[in-house]
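Keep in mind that what you see is a predicted model, and the values were worked out from it rather than measured. Note on naming: letters A, B, ... go to the chains in the order of the sequence lines (proteins, then strands), and numbering restarts at 1 for each one. Values below: every heavy atom of this structure, side chains too, minus hydrogens, waters and symmetry copies.
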Amino acid sequence: MRIGTVSSGTIRQALNGPGLVIDLGAMVIRIRSTMPGLTEPLQRVYRHFPFVSDPEAFVDVDARLTRSPGLLRRMRPSLRFLADGLDPFGALPAEMDLAQLEWGINWCFATMTNRHLMLHAGTVEIGGSGLLLIGVPGAGKSTLSAALALRGARLLSDEFGVVRVADRALLPLPKPVALKNESIEVIGDWSPDAIIGPTYRKTHKGDVAHLAVPRDAVDARRSPVQPRAIVFPRWEADAETRIEPVGLTEAFSLIAFNSFNFDVLGPDAFDAVRDLVESCRCVRLRYSRLAEAVPALNHLVA
Amino acid sequence: MEVDRGHDRAGVPLRHWRLSTRGIPLRLDGDPRVVVFPDGVIVFDPVDWSYRTLAPDGLELLGLLREHIVSEGADRERLFGVVLEAVAEADGLRVDELDSGARAQLVQWVELALHVYG
């Protein structure tokens, strides 16, 4: 049974009780929530994941989304995201339940997963080759990851390049793709069949909506892939699509800079980044149109 | 005499030497991680677990030292003489005009080259 095929009452019961256990490949998370508005959007964007609600299941993180207690709750409803009992964010707007949950889970990945090198990167698999899209927020990682995934690539993650230190393989961590602002409409137009959750307006990152994880990405979430290309994308209005090589020293610096835990893994991270640079094609991509950028990226790893 | 040169993050005493990269002292132990790319050199700092990118002229210096190590072997004194001459010539100076600071830096470049290519 998959999350999308069970009744919403069953999902709500799981969230209110023993929790919904979601195996995201590189991490397993248990989600519990008393927020009534979370059930439907969560069921929509996690629809292809197996439905598991086992209180004994081993998980890496126990996440809870709860209403804030006290007087404030009546005056201005808010929620709290708790990870293994920690409250990293304090009171959050209650109406943004799924968006807050997703940011909270990202925080867990970024701070709690130190057995792997964690890069701020979109990652996909194209024809057996791993492709990393590395860049600062706004560079187009999520949009390109979503666009590629909706044209036959396998989504590994729109946010995390999880590099296994032992063999430099890319581990999938397929979560709903966080689309922001204009990207929501762009991806909706790119693939009218795309399943997108509700749009949360005026968040600290602007408008945000989540693309459901495609079924093939869910089914292959335990299948790592060797990285073959590293792309540093940059969206520029009206830019012609251009791919140009990046010097290896610059590539090393950009990868290390976009790592969440370089200074935690130290020498292991240094060696892993060096190997990535030496084994992958490293390029810069400037683009404005997905219809040009996506074939160019497919060609890059072909 | 044993000199205390500090410890790395794991508490292991360092046999470090210092290399100034754009004015930032970089402390390395006797077995630093170094990666030499065609367009630059990156060195891992075992003290704060950061990395440093060395200036392009350092790459030229490493290239020169590599040439000599490959063709003539890893003789510290001779390699030091080679870089002294090269740097003096590049700066339009006589070898004896290079000050102690510059000489100390060049000693570290020789050590780095020996580590990478020796």
Inset, instruction - Check the angle between the aromatic planes of W107(A) and F89(A) and answer parallel, tilted or perpendicular using the 30° and 60° thresholds. - result: perpendicular
Inset, instruction - Please state whether the rings of Y51(B) and F262(A) are parallel, tilted or perpendicular, taking 30° and 60° as the class boundaries. - result: perpendicular
Legend entry - Main-chain N/O of W49(B) paired with D263(A) side-chain donor or acceptor, under 3.5 Å: no
Legend entry - Heavy-atom donor-acceptor pair, D39(B) side chain to T249(A) backbone, under 3.5 Å: yes
Inset, instruction - Quick one: pull up CG in L114(B) and CZ in R76(B) and give me the separation to the nearest 0.5 Å. - result: 5.0 Å
Legend entry - Point-to-point distance, once rounded to the nearest 0.5 Å, from CG of L84(B) to CG of L79(B): 11.0 Å
Legend entry - Salt bridge present between R78(B) and E72(B) (N-O < 4.0 angstrom): yes
Inset, instruction - Using side-chain contact (heavy atoms from CB on, under 4.5 Å) as the criterion, point out the one residue from L173(A), V162(A), V225(A) that pairs with L156(A). - result: V225(A)
Legend entry - Neighbourhood of chain B inside residues 274-301 of chain A, taking heavy atoms under 4.5 Å as contact: R274(A), V277(A), E278(A)
Inset, instruction - Output the residues of residues 252-259 of chain A for which the shortest heavy-atom distance to chain B is under 4.5 Å, in residue-number order; output 'none' if no such residue exists. - result: F252(A), S253(A), A256(A), F257(A)
Inset, instruction - Say whether S145(A) and D158(A), considering side chains only, have a donor N or O and an acceptor N or O under 3.5 Å apart. - result: no
